[in-house]
Participant: 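Just dropping this structure here.
This structure is a prediction, so every number in the text was calculated from the model and none was measured. Atoms within each ligand, like the ligands themselves, are counted from 1 in listed order. Positions are given from 1 along the sequence.
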Amino acid sequence: MERRKFIERSTLSVFAAALGTEIVFGNYLPPGIPLLGLQDPDPFKMFNKDPDMVVLNDKPWNIEARAHLLDDAITPNKVLFIRNNGKIPENIDVANWELRFDGESVKNPKTYSLQELKSRFPHYTYQLTLECGGNGRSEFNPPAKGNQWTVGAVGCAEWTGVRLKDLLEDVGYQSDAVYIGYHAADQHLSGDPEKEPISRGIPMQKALQDETLVAFQMNGADIPLAHGYPLRLVAGGWPASVSGKWLNRLSIRNKVHDGEKMGGTSYRVPCTPVAPGEKVADEDMCIIESMPVKSLITYPKTGATLPLGRSLEFRGHAWAGELEVSKVYYSIDFGSSWQECRLEPPANRLAWQRFSGSVRFPKKGYYELWAKAEDSQGNSQPMVLPGWNPKGYLNNACHRIAIKIT
Ligand SMILES: Nc1nc2c(c(=O)[nH]1)N[C@H]1C(S)=C(S)[C@@H](COP(=O)(O)O)O[C@H]1N2
Ligand SMILES: [Mo]
């Protein structure tokens, strides 16, 4: 029998990981037959996620973390949020997976096999912060349609792959190239094969950064299925929607990429602030690029109690899109006074940074611990909601947790 007729081993191992056990006769599974077990109604088991995560939508799957789950420096798969616009591809034939380069500005269209990508180009590993542009959407008023993310659509996993710039150099492109658009193997919810759930991208200068990867590993193993197996674009510091999962084609464009969810109110905000609820003309909307400065208290969990006289050791992460975080402050008096936290440098550019502090409370009672980060250009997180926008993007308001001193 031809080997081709069977599902590739490494695909099986990803499915096996998702199912939490070996697929005993997996070698005999013909391609095109989806595994029943992958339609498991228990999303936590199916995606190998912590049961403390919160499902916001099941068609498509959208699952967020809670602040205290995100305490690790490198976000493990168990707690990394899932944001899907369409259906996760089910019949991944990794042996025949290809990445094609095309577009108006490509010198000559070129296709690489996954194997070629891995063997022909040097590998790089970076910790990269990916935050959904809609993280924090639930707080906007008037409310914005879409997944009602609170604070957990962010993570900083370790990604390994080849540099997009190395691939672009190898492919060759004309001097009029301005944008890279991605295309992927996930399917539109309507089932219409002509429609793409999402096809976004990045300008050339972001594509050519050292840290912009075409990745095949997350946290030292094959990328989990829900996060883009077997190949993913990863461009840290920008809305995670530009990091195309299940990547199979990159278009080198001579204009701003016009794929699905590049226009209208998708991942675009008013170029200048507007009043909440105001209608905004299409030409006054700008594409979101670098994400704004933000922080998250990951320890303790909100609602923690502590005896009077003990100091609270707290910690979290701060990030600032393309920039570095220069300071993080905390307050226990509702922002009336602020103290500086300890702050560590990032593991590499575009990785989030650990902050920590130690605080004593003056008497028994209810307190809130607030955190506020500032980036290297002096931009600071707002205390309350930042500028309203039609789809509720870019909420980088201060994070706060409740503490009771007994
Ligand atoms: N092919 C594809 N890529 C995609 C998406 C998608 O639906 N399909 N969602 C995007 C969005 S909006 C976000 S926020 C991130 C989420 O990545 P994660 O699910 O690995 O956390 O993937 C991006 N890449
Ligand atoms: Mo997103």
Participant: Restricting to non-hydrogen atoms, name the atom on Ala207 and the atom on Thr212 that form the minimum distance, rounded to 0.1 Å.
Facilitator: O-CB, 3.9 Å

Participant: My understanding is that only residues two or more places apart in sequence, or in another chain, count here; which of them pass ring pair (Phe, Tyr, Trp, His ring centres under 6.0 Å) with His183?
Facilitator: His257

Participant: Nearest heavy-atom pair of Val242 and Ala235: which atoms, and what distance?
Facilitator: CG2-CB, 4.0 Å

Participant: After noting the C-alpha distance and the side-chain angles of Lys87 and Asp186, does the key distance pass the side-chain contact (heavy atoms from CB on, under 4.5 Å) rule?
Facilitator: CA-CA 6 Å; Lys87 284 189 262 191; Asp186 48 344; 5.9 Å; no

Participant: Using a strict cut-off of under 4.0 Å between a residue heavy atom and any atom of ligand 1, list the qualifying protein residues by chain and number.
Facilitator: Phe81, Ile82, Arg83, Asn84, Asn85, Cys132, Tyr182, Ala184, Asp186, Ile198, His227, Arg232, Ala240, Ser241, Ser243, Gly244, Lys245, Trp246, Tyr267

Participant: Could you give all pairs that pass the disulfide (SG to SG under 2.5 Å) test and reach residues 63-153, with sequence neighbours left out?
Facilitator: none

Participant: Run the side-chain donor-acceptor check on residues 12-19: report pairs under 3.5 Å with partners two or more places apart or on a different chain.
Facilitator:
from, atom 1, to, atom 2, distance (Å)
Ser13, OG, Ser10, O, 2.9

